[in-house]
Amino acid sequence: MERIKLHKGDITKLKVDAIVNAANTTLLGGGGVDGAIHRAAGKELFEECRTLNGCPTGEAKITKGYSLPTKYVIHTVGPVWNGGKYKEENLLVNCYKNSLRLAVENKIKSIAFPAISTGVYRFPIELATKIAIREVKNFLNNNDTFEKVIFVCFDEGTYSNYKKILSA
Ligand code: APR
């Protein structure tokens with residue numbers, strides 16, 4: 001799995017074909033990585049997002065990257081953790097699956113993911129990390145032309161979690 005990379009830092013700095021945004025259903029920006037991406041991309045991103053009429057949880061929509069170094073932003077809406085009995089797991093699985101499907105449809109070869117749903121949405125980090133790594137490994141096993149998937153961790157705790165599960 002040398003096509004999977006782990007990076008500790010700010011996803012808005014990465015020069016890849018696409019970065020994934022952990023958005024909300026309005027797609028009109030917010031805090032966390034959503035806020036960082038909108039600040040770095042500029043107001044044209046907000047203008048394009050306004051034309052998309054939001055996005056249901058678990059689904060994904062694509063925009064240009066504008067002032068970001070990335071060509072595209074894939075906005076996906078993770079589930080809010082409510083104890084695990086409201087299909088949170090398969091909604092998070094769908095975030096990864098739908099983001100990667102959109103990447104293939106747009107001939108994207110390199111993509112960076114934040115730790116979707118593990119911030120404001122309080123999804124348990126261990127379980128979210130297992131889902132992220134499992135879904136990306138499955139995808140790469142079936143898409144040998146895809147070049148690189150980077151997991152971007154903004155803090156030490158997330159980074160050490162990904163490191164532990166990737167090396168398991
Ligand atoms: N680069 C990479 N990762 C980041 C960055 C950044 N610049 N900023 C924050 N993160 C990390 C957080 O530390 C966390 O590990 O992204 C992960 C996801 O956290 P959130 O951004 O809070 O996203 P999420 O938990 O999915 O909640 C989404 O928060 O910002 C609002 O509009 C957003 O309503 C939506 C909700």
Side-chain angles (χ1 to χ4, degrees), residues 1-25 27 32-34 36-37 40-41 45 48-49 52 54-66 68-79 81 87-119 121 123-154 158-168:
M1 277 301 153
E2 70 295 333
R3 289 182 289 162
I4 295 179
K5 306 287 178 208
L6 187 56
H7 175 76
K8 182 160 177 291
D10 179 349
I11 201 168
T12 66
K13 309 284 186 220
L14 293 190
K15 192 166 173 23
V16 283
D17 291 349
I19 62 172
V20 175
N21 181 20
N24 59 57
T25 53
L27 292 187
V33 69
D34 193 7
I37 287 173
L45 177 61
E48 183 175 359
C49 284
L52 299 178
C55 182
T57 300
E59 295 187 24
K61 292 192 176 178
I62 191 165
T63 67
K64 295 191 202 74
Y66 299 106
L68 285 161
T70 182
K71 193 169 176 209
Y72 295 103
V73 180
I74 291 175
H75 305 262
T76 192
V77 181
W81 182 258
K87 299 198 176 317
E88 294 98 320
E89 273 194 56
N90 55 36
L91 284 167
L92 187 60
V93 165
N94 291 349
C95 285
Y96 287 95
K97 284 195 159 113
N98 285 321
S99 298
L100 290 164
R101 173 183 52 76
L102 266 184
V104 170
E105 285 170 10
N106 289 274
K107 302 199 177 358
I108 288 162
K109 296 288 182 198
S110 60
I111 191 167
F113 282 99
I116 301 165
S117 277
T118 65
Y121 284 0
F123 203 109
I125 179 70
E126 289 251 352
L127 178 57
T129 306
K130 284 193 182 99
I131 289 168
I133 291 168
R134 186 190 65 214
E135 289 310 312
V136 165
K137 281 184 174 176
N138 288 346
F139 169 80
L140 289 175
N141 284 337
N142 297 301
N143 288 271
D144 50 10
T145 58
F146 209 89
E147 288 163 12
K148 186 165 53 172
V149 177
I150 306 173
F151 288 118
V152 184
C153 304
F154 202 52
T158 305
Y159 182 79
S160 55
N161 238 292
Y162 270 85
K163 208 168 166 64
K164 186 177 69 179
I165 296 168
L166 276 171
S167 53

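These numbers come from a predicted model, not from an experiment.
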Sequence neighbours left out, what pairs pass salt bridge (Lys or Arg N to Asp or Glu O under 4.0 Å) with at least one residue falling in residues 13-22?
none

Run the salt bridge (charged side-chain N to carboxylate O under 4.0 Å, His left out) test against E105 and tell me which residues pass, sequence neighbours left out.
R101

CG on L6 to CD1 on I165, rounded to 0.5 Å:
11.0 Å

Please report the shortest heavy-atom distance between T158 and A115, naming the atom on each side.
CG2-CB, 3.8 Å

Is the backbone N or O of E59 less than 3.5 Å from a side-chain atom of T76, with the two atoms forming a donor-acceptor pair by type?
yes

Non-neighbouring partners of N24 that pass side-chain hydrogen bond (donor to acceptor under 3.5 Å, both in side chains), sequence neighbours left out:
T26

Counting distance only, does the side-chain N/O of D10 pair as donor-acceptor with the main-chain N or O of T12 below 3.5 Å?
yes

Give me the one residue out of I62, N21, I19 that meets side-chain contact (heavy atoms from CB on, under 4.5 Å) with I74.
I62

Checking K5 side chain against E2 main chain: does a donor-acceptor pair fall under 3.5 Å?
yes

Do side-chain atoms of K61 reach the backbone of L52 as a donor and acceptor pair under 3.5 angstrom?
yes

Taking side-chain hydrogen bond (donor to acceptor under 3.5 Å, both in side chains) as the test, write out the residues that go with N161, two or more places apart.
none

Going by heavy atoms in the side chains, are I108 and Y72 under 4.5 Å from each other?
yes

d(L45 CG, T63 OG1) to nearest 0.5 Å is 4.5 Å

Can you name the closest pair of heavy atoms from L68 and A40 and give their distance?
CD2-CB, 3.5 Å

Trace of the side-chain contact (heavy atoms from CB on, under 4.5 Å) decision for T25 with T57:
CA-CA 6 Å; T25 53; T57 300; 3.8 Å; yes

Taking side-chain hydrogen bond (donor to acceptor under 3.5 Å, both in side chains) as the definition, give me every residue that meets it alongside E48, ordered by chain and number, with sequence neighbours left out.
Y66

Among residues at least two apart in sequence or on other chains, which ones pass side-chain contact (heavy atoms from CB on, under 4.5 Å) with N143?
V104, F139, F146

Can you tell which of T70, I11, V152 makes a side-chain contact (heavy atoms from CB on, under 4.5 Å) with V16?
T70

What distance separates K107 NZ from K109 NZ, expressed to the nearest 0.5 Å?
8.5 Å

Using side-chain contact (heavy atoms from CB on, under 4.5 Å) as the criterion, list what pairs up with E135, not counting sequence neighbours.
V93, Y96, K97, I131, N138

Applying ring-ring contact (aromatic ring centres under 6.0 Å, His included), name anything that partners Y162, two or more places apart in sequence or on another chain.
F151

Tell me which pairs pass salt bridge (Lys or Arg N to Asp or Glu O under 4.0 Å) where either residue lies in residues 158-168, with sequence neighbours left out.
E126-K164

Report the distance from atom SG of C153 to atom CD1 of I125, rounding to the nearest 0.5 Å.
7.0 Å

For F113 and S99, work out which heavy atoms get closest and say how close.
CE2-CB, 3.8 Å

Taking ring-ring contact (aromatic ring centres under 6.0 Å, His included) as the cut-off, I'd like each qualifying pair that reaches into residues 2-25, sequence neighbours left out, listed once.
none

Those residues that, when tested against T129, pass side-chain hydrogen bond (donor to acceptor under 3.5 Å, both in side chains) (two or more places apart)
none

Would you check if P114 and V20 make a side-chain contact, meaning some heavy-atom pair closer than 4.5 Å?
yes

To the nearest 0.5 Å, tell me how far Y159 OH sits from L166 CG.
9.5 Å

As a quick check of understanding, evaluate side-chain contact (heavy atoms from CB on, under 4.5 Å) for H75 and C55, giving each step before the final call.
CA-CA 8 Å; H75 305 262; C55 182; over 6 Å; no

If every non-hydrogen atom of A22 is compared with every non-hydrogen atom of D34, which pair is closest and at what distance?
O-CB, 3.6 Å

Would you please name every residue forming a side-chain contact (heavy atoms from CB on, under 4.5 Å) with S117, sequence neighbours left out?
P79, L92, Y121, F123

